[in-house]
Amino acid sequence: MIFSFGSVLSALAITDVFAVLASAILPSGPAMLLLADNVSAFLQKNRMYEVLGLFILLIVGGVLLSEAAQAAAHATHDDTLALRFFGYEVVSMSKTTFYLSVVVLFVVEIVQSRYRRKLDVERRALAARRAPGQGINRRT
C-alpha cells in the first residue's frame, strides 16, 4: 500500500487533470489486489528479483532526491540547496540513463538465472549418472 500511495503522489505531481488521475489510479488498485498472490509466489521462487526490485527502488530514491535538490536550488536561486557529496554537486541522472540501467539489470538477471538453471540441470544429470555405481562395492 505504501508503493500505491507513492504512485498517487507521483500522479498528482505529473498532472492536474482529474480524469487522467482517476483513469490511472482506479484500475491500479484492483490490479494490485488481483496480482498480489501471483507476484508473491513468483518472488518466493525467484529471490533475486526481490533483491533486484529493492536495488531499483534505491536507484529511484537517489534519482528523486537529486532531482528534488536541483529543483529546490533552481526555484529559490540558492545554490546551497543543491545536493553535494564530498564537495561535489550531485547531478540528476537522465531518464534515458535510468531506464537503460533498469533494462540492463533485468536482462543480466534473466540471462544469469537461465544459465544457473541450465547448470543445475547438468549437475543433476551428472550426479544421476554417477549415483547408480557409487553404492556397490565390486570385488573380483
side-chain hydrogen bond (donor to acceptor under 3.5 Å, both in side chains) partners of Lys95, counting only residues at least two apart: Glu67
Are Val39 and Leu52 connected in the hydrophobic side-chain network, where two residues link if heavy atoms are under 4.5 Å apart? yes
Output a table of donor-acceptor pairs, distance under 3.5 Å, between side-chain atoms of residues 99-118 and any protein atom two or more places apart or on a different chain; print 'none' if there are none.
from: Ser101; atom 1: OG; to: Thr97; atom 2: O; distance (Å): 3.3
from: Ser101; atom 1: OG; to: Phe98; atom 2: O; distance (Å): 2.6
from: Ser113; atom 1: OG; to: Glu109; atom 2: O; distance (Å): 3.2
from: Ser113; atom 1: OG; to: Ile110; atom 2: O; distance (Å): 3.0
from: Arg117; atom 1: NH2; to: Asn46; atom 2: OD1; distance (Å): 3.3

Roughly how far apart are Ser40 OG and Glu50 CD, rounded to 0.5 Å? 9.0 Å
Quick check on side chain to side chain contact (heavy atoms under 4.5 Å, CB included): which of Glu122, Arg129, Arg124, Arg123 does Leu126 satisfy it with? Arg129
Here the ring pair (Phe, Tyr, Trp, His ring centres under 6.0 Å) pairs for residues 32-63, sequence neighbours left out, are Phe42-Tyr49
